[in-house]
Participant: 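Handing you this structure, nothing more for now.
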There are 2 protein chains.
Amino acid sequence: MCPATFAFDVIGKKWNLPILSVLTNNKSVRYNELKRLLPGITGTMLTNCLKELTEHGIVHREQYFEIPPRVEYSLTKSGEELAPIIESIVVWGRNNIEMLQDKMK
Amino acid sequence: MCPATFAFDVIGKKWNLPILSVLTNNKSVRYNELKRLLPGITGTMLTNCLKELTEHGIVHREQYFEIPPRVEYSLTKSGEELAPIIESIVVWGRNNIEMLQDKMK
DNA sequence: CGGTATCCTTCAGGATACTG
DNA sequence: CAGTATCCTGAAGGATACCG
């Protein structure tokens, strides 16, 4: 598969950027915490996305066998390399939305 | 709307990154040329995406009233600011896909 | 050439209930 | 707590035909 296609698929999934954004701003996040920080996401979607991101080596899943169970999600090395990109996307969004609003006036 | 949400929506649409990627590598592209450079896209989708990107001030549409008609699409100032981001996404994809393939071995 | 209009299909994503 | 399993809906996306 073409690297660009691979990257565009990862970046271009509805919930992936929001999830990665949360993980960029928090060292390690639990499942339900992640869900709380992502208003509108359903459990099914969160699970699917995390699974895919984990398989792609972008997110790390650490399971602690305690009662009650605890699972922590964090960025892998690959995921951390994505962090500055996500940051610049947010910055771009901030600049661009201002331009749009100026036009509306 | 939150700037991050706005940016994630733009970036997170299936065909937007591929389209912007083509426009990043070509100063100005015609409709059918764009379609040819994006294998798999349908006319409907290309039209919808271009319309939305134009409304968001990311893509510029220049119409020449000739016979036969000619329409050129290019990046606006906002769109050009996105170019380095797209480039770094592609670079990230190239590095990451290698890591994935190494794991498969 | 560069679309639009129309109708159709598929699957991403959602709701709910249940489990180790 | 952190999921699975199941079923379901709607909207993203596709195919086709036609138009300025």
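Note: hydrogens, waters and symmetry copies are ignored here, and every other heavy atom, side chains too, is used. The chains referred to below are lettered A, B, ... by the order of the sequence lines, with proteins before strands, and numbering in each begins at 1.
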Participant: OP1 or OP2 of D:dT4 sitting under 4.0 Å from any side-chain N/O of A:Lys51?
Facilitator: yes
Participant: Taking only residues at least two apart or on different chains, which pairs with a member in residues 74-86 of chain A satisfy salt bridge (charged side-chain N to carboxylate O under 4.0 Å, His left out)?
Facilitator: A:Lys77-A:Glu81
Participant: Looking at residues at least two apart in the chain, or sitting in another chain, which of them share a side chain to side chain contact (heavy atoms under 4.5 Å, CB included) with B:Asp9?
Facilitator: B:Met1, B:Thr5
Participant: If you take any heavy atom closer than 4.0 Å to DNA chain D, which residues from residues 59-73 of chain A end up in contact?
Facilitator: A:Arg61, A:Pro68, A:Pro69, A:Arg70, A:Val71, A:Tyr73
Participant: Please set out all donor-acceptor pairs under 3.5 angstrom arising from side-chain atoms of residues 15-22 of chain A, sequence neighbours excluded.
Facilitator:
| from | atom 1 | to | atom 2 | distance (Å) |
| --- | --- | --- | --- | --- |
| A:Asn16 | ND2 | A:Val10 | O | 3.0 |

Participant: The criterion is side chain to side chain donor-acceptor pair (under 3.5 Å); which residues satisfy it with A:Arg94, sequence neighbours excluded?
Facilitator: none
Participant: Among residues 4-17 of chain B, which contact DNA chain D at a heavy-atom distance under 4.0 Å?
Facilitator: B:Lys14
Participant: To 10°, what angle do the rotation axes through the five end pairs on each side of the helix from C:dC1-D:dG20 to C:dG20-D:dC1 form?
Facilitator: 60°
Participant: For DNA chain C, which residues of residues 24-31 of chain B approach it to below 4.0 angstrom with any heavy atom?
Facilitator: B:Arg30, B:Tyr31
Participant: Could you tell me which residues satisfy side chain to side chain contact (heavy atoms under 4.5 Å, CB included) with A:Phe65, sequence neighbours excluded, listed by chain and number?
Facilitator: A:Gln63
Participant: Filter on side chain to side chain donor-acceptor pair (under 3.5 Å), then keep only pairs touching residues 65-74 of chain B, sequence neighbours left out; what's left?
Facilitator: B:Ser28-B:Glu72, B:Arg61-B:Tyr73, B:Glu66-B:Arg70, B:Arg70-B:Glu72
Participant: Which letters describe nucleotides 5-11 of chain C, given B = protein heavy atom under 4.0 Å from base, S = only from sugar-phosphate, - = neither?
Facilitator: B------
Participant: Excluding sequence neighbours, so at least two apart, what forms side chain to side chain contact (heavy atoms under 4.5 Å, CB included) with A:Thr42?
Facilitator: A:Thr44, A:Met45
